[in-house]
Amino acid sequence: MPELPEVETIRRDLSARILGTKITKLELLSPQSVLGNKKEFSTQILGSSFREIDRIGKLLIFVLQKGKYLLIHLKMTGQLIYQTKQELIPGGHEGGEVKELPNKMTRVVFSFSDDGKLYFNDQRRFGYLKIVDAKELAKIKEKFGPEPLQAEFNASFLKKLLRGRRGNIKALLLNQLHIAGLGNIYADEALFRAGIRPMRLAGSLSEVETKKLAQEIKGVIKSAISHRGTTFSDYRDATGKRGGFGVKLQVYGRSKEKCYRCGRAITKVKLAGRGTHFCPYCQK
DNA sequence: CCTTGTGTTCTCCG
DNA sequence: CCGGAGAACACAAG
């Protein structure tokens, strides 16, 4: 599940590799992964290059020429893997962790003028690629709240956000309108770190809890980025490697296992329609 | 049936 | 009865 740290890792990896390099070939192996007119999509991409790669929440924004933007959302199983000309040679990469591409999950392939290739893989085809203009992009950006690592995301912002809310805190943390980039893994991890049960009503958090939660959201996201994200199942970085934050997870995916803090069993329930993990002893 | 991210729709409440 | 909030549902595919 690529959330903010995973998408940011890919953004940084790709930014160091493909900016300014001409796209010479585009293969739509699964046309349904491209939203809108496929022919127009190809026309906009071919012969162009990416000037910059931005991100808002979990959405990647590749800046093309002429006020056009390529949006890529990985949803649950999407991957963006780049291979240089050298790595494309069978056996030409060291370590062996880079798999042979394309594979049966490959939906779109970008070829560059330096013979590098970018593969969009997506087992479940929930992810998408879409070209928008500046106006459409501005409208999309309106649908995102501040990101955890932006300065405006602090205790006083969270306090205002939680005031008077009757819904549970977990659902609020997942709502991209309010906070951009948190998904199921980091919402559960941040709540564990803050010692707050996911089903607590958002408006019931004390000032101290709110401050702690704001800090822990920032902390877990920052740490996850520094470990290049979490690979729970499908996530890979732009070089095909797994993220290193999995070993740091305290509750996500640890149902019935012992809490590292108190030794009691981690509980899993369904909340806000999502699998939700917490320690009934450490989280109040 | 499950998994999650997101967009839409429905209902509730003040 | 309006509007916002929040819950519920739909959908993607294996």
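To find a chain, count down the sequence lines: A is the first, B the second, and so on, and within it residues start at 1. The model shown is predicted, which means the values in this text are computed figures rather than measured ones.
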Side chain of [X] only, please: which of [options] is the nearest?
X: Q32(A); options: dA13(C), dA7(C), dT4(B); result: dA13(C)
X: Q176(A); options: dG5(B), dT6(B), dG6(C); result: dT6(B)
X: R165(A); options: dG5(B), dA5(C), dA7(C); result: dA5(C)

Heavy-atom nearest nucleotide on DNA chain C for R274(A) versus G167(A): which residue maps closer to 5'?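 Closer to the 5' end of DNA chain C: G167(A).
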Examine [N]: is either OP1 or OP2 under 4.0 Å from a nitrogen or oxygen in the side chain of [X]? Give yes or no.
X: H73(A); N: dT6(B); answer: yes
X: Y252(A); N: dT4(B); answer: yes
X: Q123(A); N: dA12(C); answer: no
X: K143(A); N: dT6(B); answer: no

Expressed as a whole number of Å, how far does the P atom of dC1(B) sit from that of dC9(C)? 13 Å
Heavy-atom nearest nucleotide on DNA chain B for R166(A) versus G273(A): which residue maps closer to 5'? G273(A)
[N] [atom2] sits how many Å from [X] [atom1], rounded?
X: F126(A); N: dG7(B); atom1: CZ; atom2: P; answer: 15 Å
X: I179(A); N: dG5(B); atom1: CD1; atom2: C1'; answer: 16 Å
X: L35(A); N: dC11(C); atom1: CG; atom2: P; answer: 16 Å
X: K75(A); N: dA13(C); atom1: NZ; atom2: P; answer: 11 Å
X: R125(A); N: dC11(C); atom1: CZ; atom2: P; answer: 18 Å
X: L174(A); N: dA8(C); atom1: CG; atom2: P; answer: 15 Å
X: F232(A); N: dT3(B); atom1: CZ; atom2: P; answer: 11 Å
X: E6(A); N: dG5(B); atom1: CD; atom2: P; answer: 10 Å

Scan L4(A), N175(A), I221(A) and name whichever one has a side-chain contact (heavy atoms from CB on, under 4.5 Å) with L182(A).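 Only match with L182(A) under side-chain contact (heavy atoms from CB on, under 4.5 Å): I221(A).
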Run the salt-bridge test on D237(A) and R228(A) with the 4.0 Å N-O cut-off and return the result as yes or no.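 Yes.
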Is it true that K139(A) and E136(A) make a salt bridge, defined as a side-chain N closer than 4.0 Å to a carboxylate O?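 No salt bridge links K139(A) with E136(A).
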Once hydrogens and angles are ignored, does a donor-acceptor distance under 3.5 Å link the base of dT3(B) to the side chain of R124(A)?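 Looking at the base of dT3(B), it does pair with a donor or acceptor on the side chain of R124(A) (distance under 3.5 Å).
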For atom NZ of K159(A), decide whether the heavy atoms of other residues, nucleotides or ligands shown that lie under 6.0 angstrom number more than 12. no
Across the strands shown, which category fits G275(A) at heavy-atom distances under 4.0 angstrom: base, sugar-phosphate, nothing? sugar-phosphate
Output the distance between atom CG (L60(A)) and atom CZ (F62(A)), rounded to the nearest 0.5 Å. 5.0 Å
